Structure formats: C-alpha cells, structure tokens
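Worksheet for the structure shown next.
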Amino acid sequence: VKAGDPQRQQGAGWLFVAPAIVIIGLFVILPIGMALWVSLSDWGGRGSPFSSDVNFVGTDNYSALLVEPGLARQDLMISFRNTFYYVIGVVPLQTILALSLAVLLNNKFLKGRTFFRTAFYFPSVVSSVAISLLFLFLFAGGGAINSVLGWFGINGPNWFADARGLIHILGDAVGLWSISDPPSWMTEPSVMGLSLWQWFAGPSVALMAIMMQVIWTTAGTFMLMFLAALQDLPIEVEEAAMVDGANKWQRFMNVTVPHLRPAILLVLTLGFIGTWQVFDQMYVMTQGGPAKTTLTPAYLSYQAAFDSFDWGEGAAIAFILFALIFVLTTAQRWLLRDKDASAQSRAERRQRRRHRQRTRITEADQRKAQTS
Amino acid sequence: MSTPHRRRLTTLVAFGLTTTFALAACGGGDSFEEEGGDGDASAPASAEGPASLVMLIGSSGEAETAAVEEATAAWAEETGNEVEVRPATDLGQELAQGFAGGNPPDIFYLDASQVAEQASQGNLYAYEAEDNDDFFPALQEAFTYDGQQWCAPKDFSTLALQINTAAWEEAGLTDEDIPTTYEELATVAETLTEGDQVGLVLGPGIDRLGAFVVGNGGWWLNDDATEPTGTSEEVITALEYVKENMAAGSFAYAADVDAGWGGEAFGTQRAAMTIEGNWIRGAMTNDYPDVDYTVAELPEGPAGPGTLLFSNCWGIAAESEAQAQAVELVNYLTAPEQQLAFAEAFGVMPSRQSATEDYTSAFPDDAPFIAGGEYGHGPINAPDMVQVVADLNAQLEGLRDANVQQVMESFDTNASAVLGQ
C-alpha cells in the first residue's frame with residue numbers, strides 16, 4: 001500500500017480523531033446517555049442507575065412535569081415563567097449595551113481605549129459567585145443602592161426579599177388592580193396549574209436585581225465579539241456613506257448594523273442559551289426565593305435531584321429545558337434570518353425546480369412522440 | 001460532497017454510542033452484587049481487623065470540626081481503627097454523590113427531616129446505640145420512620161423566646177410580664193413595637209411557625225405521617241394568630257426588617273424579641289456582643305407548651321463495610337461525657353436525658369432551651385416531602401396577605417399526592 005493510498009489515509013484519520021472520540025464519548029455522550037436513561041427511570045440516587053433494581057418508567061417523569069396537575073408541573077411552570085421574563089429582559093438589554101459599548105470603544109479618537117476595554121470586560125473575568133456576593137451587599141435593604149435611591153427621596157425596596165412582580169406593581173400603581181386583593185378575572189382561570197394572575201406577574205423585584213447583575217457582567221463578553229466584528233468593517237464603506245451624505249445615526253443603522261448581522265445573531269443566540277440556563281446566581285443569591293420568583297429550570301433540576309432525590313424528574317427537567325432552548329433558538333434564527341439572502345435562495349430553488357419540471361415534460365413529450 | 005461527510009458522521013455517532021454502552025455496562029456491573037445490609041439490623045457488616053472509617057460532617061465551624069476530630073482520634077487510638085473526618089461544604093449534595101457513586105461515607109450527620117427520605121431509598125443502615133431509651137423520646141420519635149428507629153440522635157436544639165433586655169426595660173416591662181400565653185405574647189409584642197423596632201421578629205416558614213401549630217395542639221401531618229392535616233382547626237388557628245399580629249404590625253418576618261434571619265434582626269435591635277434556637281448564642285457573642293438579652297421558654301398555647309426540635313443523628317450507610325465499627329464509634333460519641341464535651345466545645349445540647357442535669361448545671365442560662373426537649377416536636381418526617389414543604393414555605397412568606405385556608409388547602413393537596421404513593 002502506498003503512502004498516498006486513500007484506504008490507508010482513512011485509517012490514519014481514525015487514529016488521529018480517536019483521542020477526541022474517546023474523550024467526547026466519555027465526558028459528553030456517555031453522561032447525556034446516562035441522563036436520558038435516568039429521566040426515563042425511577043433511579044433513587046443509590047448505586048449505579050444501570051443496576052437491576054432500577055426500573056424503566058417510560059415517560060412518567062415527563063408527564064408528571066408537563067401533563068398531570070400537581071406540584072411538579074406547577075414548579076416547572078413557575079420556573080418557565082420566571083425565566084421567560086428574565087430572558088426577555090436580559091437578552092435585548094445586554095445586546096444593546098454590548099453593542100453601544102463596542103461602538104464607543106471602536107472610536108479611534110477615544111483616549112484610554114485599552115483602559116475602558118479592560119474595565120468593561122473585567123466583570124466577565126471575575127467569578128460569577130464573587131460578583132453575586134457583591135450584589136447581595138449592594139442590593140441589601142440598607143445597602144448602597146438603596147442609600148443612593150434615598151438621596152432622591154426614593155424608598156428602595158428590600159430587593160432580595162421582595163416577591164412582587166413588575167406587572168403587578170405597575171398595574172397597582174395605575175389603579176388597574178390591587179396587589180393585596182387581585183381581581184377574580186385574573187385569579188380564577190388557571191392555565192397549566194398557574195392562574196393568569198401568576199402568569200402575568202412580571203419579573204419580581206428580586207429577579208430584577210439579578211437581571212441587572214447579569215446584564216452588567218455579560219455585556220463585556222459580548223462587547224468583545226462586537227468589537228472584533230467592527231474591526232472587520234472596511235473604512236471605505238463608511239467613508240462612501242459619508243460621501244453620500246449619511247449622518248452618524250444613518251451610518252450606524254444602515255452600514256454598521258447590517259454589517260454586524262452575523263455578530264448580532266451570534267450574541268443573541270448565545271444570550272438566549274445562556275439566560276435560559278441561568279443557575280449560579282440563583283444558587284448563590286436566592287435559592288429560588290422569595291416565594292419561588294427566582295426559581296429557574298436549571299435550579300429546579302438541581303433541587304429535584306439533590307434536595308428531593310428525585311433524580312428522574314431532575315434529568316427530565318434538563319431534557320425539557322434542552323428541547324425548549326432548541327426550539328426557541330431555531331425559531332429565533334428563523335425570525336432573524338437574512339431575508340434578502342433567503343428570498344434569493346428560495347428564488348433559485350424555484351427556478352431549479354421549474355427547470356427540472358420543464359426537462360421532465362420535454363422528456364415525456366419525447367417519449368410520447370417515440371411510442372406513437 | 002455531502003454524502004461521505006454524512007456517512008462519516010454516522011460512523012462517529014455509532015462509535016460514540018458503542019463506547020457509551022460499553023462503559024455503561026462496565027459501570028453497572030459491580031453494583032449488582034452489593035445489595036446486602038438494607039436496613040437489616042441483625043447483621044452489621046464488620047470489617048476484618050482494624051477498620052478505616054470515613055466520617056462526613058456538616059460542621060458549624062472550626063470549633064466543631066476540631067472537637068469531632070479530637071473525639072474520633074481518641075476513639076481510633078483506643079480501638080486501633082482509623083477515622084477520617086471530612087467537613088462538608090454542602091452536606092446533602094456530598095451525601096447524594098456518595099450514595100450515587102456506591103461509595104458513601106461510613107458515618108455522617110443526618111438531619112431529622114432527611115431520615116425518611118434516605119431510609120426509604122435504602123441508603124441507611126438501621127441501628128440503635130447503647131441504652132437507646134436514654135435519648136429524649138421526642139428525639140427517638142424524630143428519627144423513626146416506618147416503625148423503626150434508624151439512627152442515634154447526636155444532639156438537639158429547640159426554639160425559645162429571646163428578649164432584648166434594654167427594650168424590655170424601656171417599655172416598662174418586668175420579669176412578671178414575660179409572656180406565658182399567646183395572648184400575653186401578642187400584648188407585649190404590641191407594647192414593644194415602637195418606631196423602627198418590631199415586637200417579635202420571626203424567620204419565615206414552618207420551622208418557626210410550626211411552634212405555634214404545636215402550641216395549638218396540631219401538626220402539619222397526622223401522627224403516622226400518612227395524611228396531611230393542614231386544614232385542621234389547630235393549624236389554621238395558629239397561622240391566623242401570626243397573621244393577625246403581622247397585620248397589626250407587632251410581628252414581622254426577618255426580611256421585613258432587612259435581616260437574613262431572626263438572630264440578625266435581634267442583634268441589630270430591629271427586633272425586641274425573636275424566636276430562635278440555642279445557635280443564636282454564638283451569633284450574639286460573636287457579632288453583637290453589646291446586646292443584652294434573656295431567654296425564656298416559648299409561651300404556652302391553648303393546648304399546652306409547644307416548641308420545635310431540630311436534631312441531627314449519626315447516620316450509618318447501608319453500603320458501609322464497617323458498620324459494626326461505626327456503631328461502636330457512635331456509642332463512644334453519644335456517651336454522656338462525650339456529649340458534654342461537645343456541648344462545652346460548640347454549644348449543642350446533649351441528646352441523652354442522663355446528661356441533662358450536668359448540662360443545666362454547667363449552662364444554667366440554657367434551661368429554657370433544654371426544657372423544650374420534653375415537649376418539642378421534630379421536623380416533618382416523611383419521604384418526598386421536600387418540594388411540598390418548600391412550596392408551603394414559599395407561600396408562607398406572604399402570610400400577611402395570604403388566605404390561610406387556601407394556602408393550607410394547596411398544601412394538603414400537594415402532600416396527599418406524595419404521601420399517597
């Protein structure tokens with residue numbers, strides 16, 4: 001066999017990827033496979049989940065979480081509600097903040113650029129546990145934030161102990177309803193174990209404090225991605241736009257942002273995935289409280305497994321969360337797709353199809369002509 | 001272009017899956033055999049020769065770790081065994097990992113609220129320490145599940161009423177006024193509520209409110225822990241009592257006065273009284289040495305005295321290979337002299353009645369706490385109740401505006417669902 005023989009190259013290829021396959025198999029595929037099995041079993045956390053006295057229970061764990069009315073479903077729905085508000089609060093704000101910071105720092109005439117870049121990126125480098133502890137002090141009832149609010153005569157809430165939802169507070173403020181006595185048209189109808197009143201609570205004050213922390217910490221990382229993409233933007237394009245008489249805002253909206261589309265897509269996707277999986281902050285700061293308003297699916301999964309030893313349910317929550325993230329990011333990619341590009345490719349496809357049809361028709365005609 | 005690529009991917013996935021199952025099969029193999037010892041009190045696994053024991057403790061701090069290490073080292077010296085003491089940062093999680101890996105610590109702290117859960121999973125080896133009847137009956141009860149006592153009580157704590165001396169005197173109250181009934185408690189709390197200071201500050205949740213339920217003669221579950229009794233009159237009355245006083249402003253939760261727990265509120269003097277256990281002593285000496293206070297037994301409810309009792313026991317793993325040695329170690333550690341040494345070192349109360357007298361003479365101030373050993377009630381002791389209790393606690397956080405009947409109805413529904421299984 002010669003050195004250039006394709007047969008032999010394949011063997012060498014396998015040899016080279018073998019370490020990666022073993023490592024991925026051992027640390028990624030095996031645990032996922034095990035977790036999937038656990039989510040379908042009644043394993044109680046004792047010994048191996050593959051031992052003979054662990055039973056296959058089918059989709060029992062999933063149906064307890066999604067179908068049967070009960071505490072498991074109620075908790076999961078509460079965690080989805082919380083995380084939903086969390087995501088729609090955090091993702092847009094952190095993206096906008098990161099983009100603005102990147103644009104500011106991309107200004108060549110800004111003095112001390114390196115300093116600002118480091119300063120903005122700093123929170124992303126510090127351990128999230130350390131930052132969470134810091135924020136616990138900042139947002140304490142008598143903490144720095146409330147003291148600052150006090151200068152303006154605002155009596156700040158006791159952030160991490162306040163379970164009132166934002167929508168509830170706003171509705172209460174404009175006189176739509178009273179928090180202590182919610183209207184029955186909100187409390188009566190129940191969807192998936194939660195009343196409308198609970199669904200439309202909005203993020204609680206405690207959750208909002210966590211959201212602020214997360215936006216502040218992650219904006220730095222995403223800023224770096226935007227900065228990299230901005231540095232790719234050819235100066236000529238910008239200059240051409242200037243020559244065309246575009247002002248700053250127009251240049252930003254019509255030149256910079258379209259150019260950054262792939263980076264924005266990346267940041268949004270990473271943001272979505274990261275926010276749906278939020279765990280550390282809840283673990284360190286609130287443990288799901290007050291009144292379960294900072295309960296998230298990832299934390300609930302941990303609780304189910306390690307506090308109530310319901311490992312099957314914990315694993316099932318993880319897979320439900322995976323499915324949800326998968327569906328939502330796919331939907332988000334579809335919504336944010338490059339409409340021109342996709343219209344073009346669709347047009348091409350249509351043309352190809354028509355072409356194929358035409359040839360088929362001509363072939364059929366020819367055949368007909370031959371038989372007759 | 002795309003076909004060979006796809007084929008290679010399929011091979012890769014197939015290879016990965018094969019590896020998975022091969023490894024899984026290896027992992028599963030060894031656990032088939034080791035199913036001995038499940039709660040089988042008659043035949044403890046005994047290691048040949050000197051055993052080497054691993055002990056996992058949820059230590060309150062340096063002092064506790066040092067005291068436990070010293071005591072176990074003395075025992076090891078005496079018997080020729082070895083003991084490694086591991087202080088856990090997250091006891092529950094580390095225990096769970098040990099059980100899942102099939103290699104749990106031989107002996108560990110186990111909270112009374114966890115006994116039913118762990119016992120029902122088959123993780124515990126049931127045993128009784130020497131002279132079991134000497135332990136407070138309420139403690140024996142707290143570690144009993146399914147008609148069997150699973151482990152020996154290590155020590156215990158109870159709730160009592162702490163009163164800020166300065167605030168008390170300022171309000172013109174004397175020793176005569178120390179409340180002995182719930183009505184009196186409400187009255188003095190009202191008297192003591194002034195400006196920033198709230199009469200009585202409580203931690204939220206059933207671990208404090210439960211004391212009022214016991215005082216009213218009720219409990220969250222029935223005696224056999226087979227059915228919830230959340231909507232019973234006793235429970236509702238107790239919660240309504242707290243709710244009314246909260247609405248009046250003389251009771252509050254710790255979070256309402258910007259504190260993490262009752263002790264902090266008491267130390268910062270936002271609370272004139274609080275209900276905490278003997279652990280508050282350490283916090284007061286370390287963090288708030290200037291605050292003078294007295295401790296009284298909780299006032300009696302309509303059904304007599306009532307408090308809550310918290311306790312850990314020495315759990316022994318069903319998987320342990322040296323159960324006999326572990327029981328010997330427990331015997332050593334629960335001996336009255338040893339319990340008194342622990343009390344001296346890190347302020348816990350001995351679980352043995354025979355040690356009570358010596359304890360009260362050494363620590364006369366703790367008499368109100370240890371009195372609770374006679375009438376205290378242990379935590380909810382039934383498997384699968386963690387989430388149900390967590391839900392109740394979450395709802396009780398909003399007790400001031402809550403509809404008590406509705407809250408307890410939802411508790412009953414949730415609890416019936418898991419207890420009925």
Side-chain angles (χ1 to χ4, degrees), chain A residues 10 13-14 17-18 21-22 24-26 28-34 37 43-54 68-72 74-75 78 140-143 146 158 160-163 179-181 288-293 295 300 302-311 313, chain B residues 8 11-13 15-21 23-25 27-32 34-35 90 92-93 96-97 99-102 104 117-118 120-123 204 253-260 318-319 383-388 390-391 393-395 397-398 400-401 410 413-415 417-418:
Chain A
Q10 208 182 13
W14 278 111
V17 292
I21 293 181
V22 170
I24 292 173
L26 189 61
V28 178
I29 299 175
L30 171 70
I32 291 178
M34 275 177 88
W37 161 249
W43 185 55
R46 178 168 180 236
S48 161
F50 298 105
S51 74
S52 56
D53 47 21
V54 175
E68 289 156 31
L71 195 57
Q74 179 207 308
D75 281 351
I78 289 180
N146 279 355
N158 192 353
F160 287 115
D162 200 330
I179 291 188
S180 50
D181 183 26
K292 291 190 179 178
T293 57
L295 198 64
L300 188 67
Y302 169 84
Q303 249 188 353
F306 286 98
D307 289 347
S308 21
F309 305 100
D310 212 333
W311 296 82
E313 206 174 288
Chain B
R8 205 164 302 155
T11 331
L12 210 132
V13 169
F15 183 74
L17 284 178
T18 326
T19 330
T20 310
F21 290 123
L23 285 166
D30 50 342
S31 66
F32 286 107
E34 299 178 276
E35 302 297 338
D90 188 338
Q93 192 229 331
Q97 262 167 3
F99 290 132
E117 184 74 54
Q118 299 290 7
S120 67
Q121 297 288 355
N123 287 332
Y253 279 145
D256 299 331
V257 294
D258 193 22
E319 302 271 350
D384 299 322
M385 284 291 287
V386 179
Q387 304 281 46
V388 177
D391 187 69
N393 282 337
Q395 295 199 54
E397 277 179 44
R400 192 198 319 247
D401 301 319
S410 86
T413 319
N414 293 333
V418 295

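Each chain gets a letter, A, B and so on, in the order its sequence line appears, and its residues count up from 1. None of the values given here were measured: they were computed from a predicted structure.
With chain A as the partner, the residue from B/Q118, B/R400, B/Q387 showing the most heavy-atom pairs under 4.5 Å is B/Q387. Per-residue counts of heavy-atom pairs under 4.5 Å with chain B were compared for A/L71, A/D310, A/D162; the largest is that of A/L71. Contact tally against chain A (heavy-atom pairs below 4.5 Å) for B/S120, B/A254, B/A96: the top residue is B/A96. Of all the listed residues (A/A161, A/P290, A/G70), the one sharing the greatest number of non-hydrogen pairs under 4.5 Å with chain B is A/P290.
Listed here is the closest heavy atom pair of B/V386 and A/S308: CB-CB, 3.8 Å. The two residues A/F309 and B/Q121 make their nearest non-hydrogen contact at O-NE2, 4.0 Å.
Of the atoms belonging to A/W37, not a single heavy atom falls under 4.5 Å from chain B. Within the 4.5 angstrom heavy-atom criterion, no atom of B/N393 approaches chain A. Neither the backbone nor the side chain of B/V257 comes within less than 4.5 Å of any heavy atom in chain A. Proximity to chain B (any heavy atom under 4.5 Å) is shown, for A/A304, by both the backbone and the side chain. Neither the backbone nor the side chain of B/Q395 comes within contact range of chain A, judged by heavy atoms closer than 4.5 Å. Looking at B/N414, the atoms closer than 4.5 Å to chain A (heavy atoms on both sides) all sit in the side chain, from C-beta outward. For a residue to count as touching a neighbouring chain, one of its non-hydrogen atoms must lie under 4.5 Å from one of that chain's; by this rule A/F160 does not touch chain B. Contacts between B/A390 and chain A at a heavy-atom distance below 4.5 Å involve the backbone alone (N, CA, C, O).
Counting heavy atoms from C-beta outward, B/D391 and A/K292 have side chains that approach closer than 4.5 Å.
Formation of a donor-acceptor pair under 3.5 Å by the B/E397 side chain with backbone atoms of A/A291 is found in this model.
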